Amino acid sequence: MKAALLYGHNDLRIEDVSEPRAGTGEAVVAIHASGVCPSDIRSYTGSGAAKRAPWTPGHEVAGVISELGEGPTGGFAEGDRVVLDWRGVCGRCHECTRGAANFCENLVKFPIAGFAEATVLPVTQLRKVPDGLSLEAASFCEPLACVVNAHRQLPMPLTCNVLVIGAGPIGLLHTQVARSRGARVIVADLKPERLETARSLGAHDTIEGSDREAILNLTEGRGADVVIVTVGAPAVISAAFELVARNGAVNLFAGTHPKGVVELNPDVPHYDQVAITGSHDFIPHDFATALRLLEFGLVDVAPLISHRFSLDSVADAFETTKQQKGLKSLVVSEL
């Protein structure tokens with residue numbers, strides 16, 4: 001079968017590899033949709049790209065079970081449409097039992113290898129895709145689960161002002177989740193076309209850039225009750241603390257790449273009682289919640305898909321995402 005192999009810096013090749021076979025308690029999944037994530041691009045462009053070369057990236061994946069191994073099937077059958085969860089948690093360690101399974105002490109990071117014709121995974125890591133939900137939409141389950149994890153930590157009373165900084169695919173997912181929670185959503189970005197998409201997906205107001213006066217004018221001079229930062233830049237993170245209201249919260253959703261230092265006036269969290277939250281990956285319940293958000297149309301990902309590529313053109317998909325063209329690039333089995 002065909003698979004994309006990352007050999008090193010900007011060196012992604014399509015090659016013939018052995019067909020995966022299902023072992024005990026495993027399933028082979030024929031891949032129908034795989035999303036290109038910014039972390040894939042960092043592996044593609046970073047100095048450490050060849051550290052474990054060659055290997056197949058891709059972890060935002062949905063497909064169809066083509067083979068089941070011996071042993072437990074988890075209630076799955078060949079032909080079932082599934083989405084893949086790459087984080088295997090034990091459910092028994094200190095972190096899991098306190099509800100923080102995203103920091104499981106026995107975590108298994110399964111190499112989904114999504115940019116290929118097929119992959120193999122334990123059936124415990126599969127979730128059935130509901131009828132009526134496309135496999136393309138289901139492939140957003142993993143990034144949406146990360147968004148849900150962030151929202152579990154954020155107080156968001158009805159009609160509170162939420163500012164989402166960044167209208168890329170992640171920012172647009174945050175926009176819709178905040179809107180579904182009853183928030184008044186303001187989205188800030190530098191690209192007018194992304195702000196237009198944000199408005200179409202439920203943003204009540206949009207701002208080109210992050211003009212403090214404009215945000216204060218929209219919030220009766222108070223600032224946003226919640227600020228969600230989806231841009232991994234220290235300067236943007238610093239600006240967020242000038243845009244948040246008293247007794248508000250700032251969520252640092254994006255990691256900083258390259259790494260940097262943020263200067264923070266400690267009087268902001270102290271005197272203004274501003275909470276600072278981070279968010280990393282997701283727990284199994286977040287994954288299930290993300291699937292339901294997609295199933296019931298509370299989050300619409302169709303407008304986020306700007307480019308579709310065949311597996312043979314996966315390098316073009318990476319270059320498109322690297323250059324921030326459009327929004328989301330998917331590698332799909334049928335064009």
Side-chain angles (χ1 to χ4, degrees), residues 33-35 37-40 58-62 74 81-110 112 114 121-130 133 135-156 162 164 166 168-183 185 201 226 228-230 232 249-255 275-301 304 328:
S34 187
C37 172
S39 65
D40 295 322
H59 58 273
E60 301 178 2
V61 180
R81 303 184 318 135
V82 292
V83 65
L84 284 61
D85 177 356
W86 64 273
R87 310 185 86 250
V89 302
C90 73
R92 302 180 304 276
C93 70
H94 170 72
E95 299 292 354
C96 283
T97 55
R98 73 187 187 100
N102 49 326
F103 295 106
C104 174
E105 295 167 356
N106 303 303
L107 180 69
V108 179
K109 296 182 179 180
F110 291 101
I112 290 183
L121 213 64
V123 293
T124 55
Q125 301 309 119
L126 306 181
R127 309 287 183 268
K128 193 171 290 188
V129 175
L133 182 65
L135 290 174
E136 287 191 1
S139 71
F140 282 80
C141 195
E142 193 271 353
L144 182 54
C146 296
V147 168
V148 171
N149 176 34
H151 279 259
R152 279 193 296 109
Q153 305 170 61
L154 288 170
M156 205 169 286
V162 174
V164 178
I170 289 294
L172 294 172
L173 293 177
H174 275 291
T175 297
Q176 295 182 76
V177 173
R179 174 74 187 239
S180 74
R181 296 180 65 187
V185 186
L201 290 172
V226 173
I228 301 171
V229 186
T230 73
V250 175
N251 174 255
L252 306 181
F253 185 87
I276 304 170
T277 71
S279 47
H280 172 67
D281 286 337
F282 53 90
I283 65 174
H285 183 62
D286 298 331
F287 203 87
T289 301
L291 198 53
R292 286 175 64 82
L293 287 169
L294 294 167
E295 176 184 6
F296 296 115
L298 293 170
V299 171
D300 179 11
V301 295
L304 277 59
K328 190 72 170 181

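A quick note: this is a predicted structure, and the numbers were derived from the prediction, not measured.
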Distance to the ring centre below 6.0 angstrom and angle to the axis at most 45 degrees; does that hold for Arg87 and Phe110? no
Nearest-0.5 Å distance, [atom1] of residue [X] to [atom2] of residue [Y]:
{"X": "Leu84", "Y": "Ile112", "atom1": "CG", "atom2": "CD1", "value": "5.0 Å"}
{"X": "Cys96", "Y": "Asn102", "atom1": "SG", "atom2": "CG", "value": "9.0 Å"}
{"X": "Leu294", "Y": "Leu133", "atom1": "CG", "atom2": "CG", "value": "5.5 Å"}

Check: [X] side chain, [Y] main-chain N or O, donor-acceptor pair, under 3.5 Å:
{"X": "Arg127", "Y": "Leu291", "result": "no"}
{"X": "Gln125", "Y": "Asp85", "result": "yes"}
{"X": "Arg81", "Y": "Pro130", "result": "yes"}
{"X": "Asn149", "Y": "His280", "result": "yes"}

Step by step, would you call Ile276 with Leu252 a side chain to side chain contact (heavy atoms under 4.5 Å, CB included)? CA-CA 8 Å; Ile276 304 170; Leu252 306 181; 4.2 Å; yes
Quick one: are [X] and [Y] in side-chain contact, heavy atoms under 4.5 Å?
{"X": "Val89", "Y": "Ile283", "answer": "no"}
{"X": "Ser139", "Y": "Val83", "answer": "no"}
{"X": "Asn251", "Y": "Val226", "answer": "no"}
{"X": "Val299", "Y": "Leu144", "answer": "yes"}

Would Leu293 and Glu295 count as a side chain to side chain contact (heavy atoms under 4.5 Å, CB included) here? Give the steps. CA-CA 6 Å; Leu293 287 169; Glu295 176 184 6; over 6 Å; no
Return the minimal non-hydrogen interatomic distance between [X] and [Y], and the atom names on each side.
{"X": "Ala249", "Y": "Leu154", "value": "CB-CD2, 4.1 Å"}
{"X": "Glu136", "Y": "Ala33", "value": "CA-CB, 3.9 Å"}
{"X": "Ala150", "Y": "His174", "value": "CB-CE1, 3.9 Å"}
{"X": "Arg152", "Y": "Asp286", "value": "NE-OD1, 2.7 Å"}
{"X": "Ile170", "Y": "Pro143", "value": "CD1-CB, 4.0 Å"}
{"X": "Gly35", "Y": "Lys328", "value": "CA-CE, 4.1 Å"}

Do you know which of Phe140, Phe282, Phe253 makes side-chain contact (heavy atoms from CB on, under 4.5 Å) with Val147?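 Going through the options one by one, the only one that passes is Phe253.
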Using a strict 4.0 Å threshold on nitrogen-to-oxygen distance, state whether Glu105 and Arg92 make a salt bridge. no
Do you know which of Glu142, Glu60, His59 makes side-chain hydrogen bond (donor to acceptor under 3.5 Å, both in side chains) with Trp86? Glu142
Show your reasoning for whether side chain to side chain contact (heavy atoms under 4.5 Å, CB included) applies to Val162 and Ile228. CA-CA 8 Å; Val162 174; Ile228 301 171; 4.1 Å; yes
Apply side chain to side chain contact (heavy atoms under 4.5 Å, CB included) to residues Gln153 and Ser279 and explain how you reach the verdict. CA-CA 8 Å; Gln153 305 170 61; Ser279 47; 3.7 Å; yes
